[in-house]
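What follows is a short report on a single structure.
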Amino acid sequence: MISKKVKEYISEHSFCSEYLFKDWESFLDLLYAEDGRVSSILWWDHCMKSQQSNSVGSGGFVDPENDRFVYAETQLYKDGLEMNTLEEIKEYINQTRKTGLQYGNKYWSHDLVPSFYLSD
């Protein structure tokens, strides 16, 4: 069950229908402090609209703070994370962001950003 504090945070900070946040780390800190858990992570590529043609993502949401950028949905998805600790989730996210994502020589990630599916 998602706590009231987490629901309020989502309402105030998520800028689209996905649980996608500018400050994903603060969201995770609150979620785990409130005994919540992440079940899955879906990755988005934050890039300029002009770069989207060579992004690993497609479609998505316009950045509410800068309409020259978009969050493009990728096919990178990891599930089965319910038993992972907060530290393990953050390590996975940081490593994935550092490594990036590339399909062939034409498509690559610019700035990967996670969105979250939560355990019930």
Side-chain angles (χ1 to χ4, degrees):
M1 189 78 169
I2 300 172
S3 76
K4 182 178 178 182
K5 284 184 181 180
V6 172
K7 287 179 184 178
E8 288 172 358
Y9 188 95
I10 290 168
S11 176
E12 292 172 11
H13 297 281
S14 180
F15 52 86
C16 64
S17 58
E18 303 289 332
Y19 292 159
L20 187 59
F21 306 93
K22 289 279 185 191
D23 185 358
W24 57 267
E25 203 159 3
S26 290
F27 171 71
L28 289 176
D29 289 342
L30 174 63
L31 177 68
Y32 279 76
E34 292 289 311
D35 292 323
R37 294 286 178 262
V38 169
S39 63
S40 305
I41 295 175
L42 173 63
W43 289 94
W44 301 77
D45 189 22
H46 186 239
C47 62
M48 293 183 72
K49 287 180 181 177
S50 62
Q51 296 171 324
Q52 195 171 4
S53 63
N54 60 1
S55 168
V56 293
S58 61
F61 301 97
V62 173
D63 185 331
E65 294 180 4
N66 186 338
D67 64 3
R68 296 180 324 147
F69 285 82
V70 64
Y71 289 89
E73 184 176 8
T74 75
Q75 298 300 309
L76 182 58
Y77 180 86
K78 182 160 178 87
D79 59 4
L81 300 172
E82 296 89 347
M83 301 307 291
N84 289 58
T85 66
L86 174 60
E87 292 76 26
E88 290 169 332
I89 296 289
K90 285 183 178 182
E91 176 60 30
Y92 165 69
I93 290 170
N94 287 321
Q95 186 60 43
T96 302
R97 288 175 50 88
K98 181 180 173 184
T99 304
L101 182 61
Q102 187 169 348
Y103 299 139
N105 292 327
K106 185 175 178 184
Y107 304 102
W108 63 89
S109 58
H110 298 85
D111 179 21
L112 290 176
V113 179
S115 68
F116 306 98
Y117 293 88
L118 308 181
S119 297
D120 292 329

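Fair warning: this is a prediction, and the values are worked out from it, not measured in the lab.
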Handout entry: Any side-chain heavy-atom pair of Tyr117 and Glu18 under 4.5 Å
Key = yes
Practice task
Name all residues meeting the ring-ring contact (aromatic ring centres under 6.0 Å, His included) criterion together with Phe61; count only those two or more places apart in sequence or in a different chain, and write none if there are none.
Solution key: Trp44
Practice task
Check whether Phe15 and Leu42 end up in the same hydrophobic cluster, where Ile, Leu, Val, Met, Phe, Trp and Tyr are linked by side-chain heavy atoms less than 4.5 Å apart.
Solution key: yes
Problem - Joint hydrophobic cluster, Tyr92 plus Tyr19, side-chain heavy atoms closer than 4.5 Å - result: yes
Handout entry: Residue pair His110 / Asp45: nearest heavy atoms and the distance that separates them
Key = N-OD1, 2.7 Å
Fill in the blank from the handout: Contacts satisfying salt bridge (charged side-chain N to carboxylate O under 4.0 Å, His left out) that involve residues 108-120 (not counting sequence neighbours) are Arg97-Asp111
Exercise for the section: Compute the centroid of each ring, for Phe21 and then for Tyr9, and state whether the two points are separated by less than 6.0 Å. Expected result: yes
Handout entry: Shortest non-hydrogen separation from Tyr71 to Val113 and the atoms involved
Key = CE2-CG2, 3.9 Å
Completion exercise
Members sharing Val62's hydrophobic cluster, built from side-chain contacts under 4.5 Å between Ile, Leu, Val, Met, Phe, Trp and Tyr, are none
Fill in the blank from the handout: dist Glu34:CD -> Lys7:NZ (nearest 0.5 Å) comes out at 12.0 Å
Practice task
For the pair Ser55 (side chain) and Gln51 (backbone), establish whether a donor and an acceptor sit closer than 3.5 Å, ignoring hydrogens and angles.
Solution key: no
Problem - Within 6.0 Å of OH in Tyr107, more than 12 heavy atoms from elsewhere - result: no
Practice task
Spell out, as yes or no, whether a donor-acceptor pair under 3.5 Å connects the side chain of Ser115 to the backbone of Leu20.
Solution key: no
Exercise for the section: Kindly say whether Gly59 contributes a backbone atom to a donor-acceptor pair with the side chain of Gln52 at under 3.5 angstrom? Expected result: yes
Problem - Ile89 side chain reached by Leu31 side chain, heavy atoms, under 4.5 Å - result: no
Completion exercise
Looking only at heavy atoms, the pair that brings Ser39 and Ser119 closest together is CB-OG, 3.6 Å
Exercise for the section: Return yes when atom CD of Gln102 has more than 12 non-hydrogen atoms of other residues, nucleotides or ligands closer than 6.0 Å, and no otherwise. Expected result: yes
Practice task
Could you tell me whether Lys22 and Asp63 make a salt bridge, using a distance below 4.0 angstrom between a side-chain N and a carboxylate O?
Solution key: yes
Problem - Qualifying salt bridge (charged side-chain N to carboxylate O under 4.0 Å, His left out) pairs with a residue from residues 69-88, counting only residues at least two apart or across chains - result: none
Problem - Gap separating the NZ atom of Lys98 from the CD1 atom of Ile93, nearest 0.5 angstrom - result: 15.5 Å
Exercise for the section: Mark yes when over 12 heavy atoms from residues, nucleotides or ligands other than Lys5 sit less than 6.0 Å from its NZ; otherwise mark no. Expected result: no
Fill in the blank from the handout: Pro114 and Ile41 have their tightest heavy-atom pair at CB-CG2, 3.7 Å
Handout entry: Chi angles and distances behind the side chain to side chain contact (heavy atoms under 4.5 Å, CB included) call for Asp35, Ser3
Key = CA-CA 8 Å; Asp35 292 323; Ser3 76; over 6 Å; no
Exercise for the section: Determine, using the 4.5 Å side-chain heavy-atom cutoff (strictly less than), whether Val70 and Leu76 are members of one ILVMFWY cluster. Expected result: no
Problem - Spatial distance of atom CG (Leu112) from atom OG1 (Thr74) [nearest 0.5 Å] - result: 6.5 Å
Handout entry: Whether over 12 other heavy atoms sit under 6.0 Å from Asp23 CG
Key = yes
Fill in the blank from the handout: Hits for ring-ring contact (aromatic ring centres under 6.0 Å, His included) against Phe116, two or more places apart or cross-chain, chain-then-number order -> Phe27
Handout entry: Thr96 and Thr99, any side-chain heavy atoms less than 4.5 Å apart
Key = no
Fill in the blank from the handout: CG of Asn66 to NE2 of His46, rounded to nearest 0.5 Å, is 7.0 Å
Handout entry: Any Asp29 side-chain heavy atom under 4.5 Å of Lys90 side chain
Key = yes
Problem - Hydrophobic cluster (4.5 angstrom, side-chain heavy atoms) - remaining members for Phe69 - result: Met48
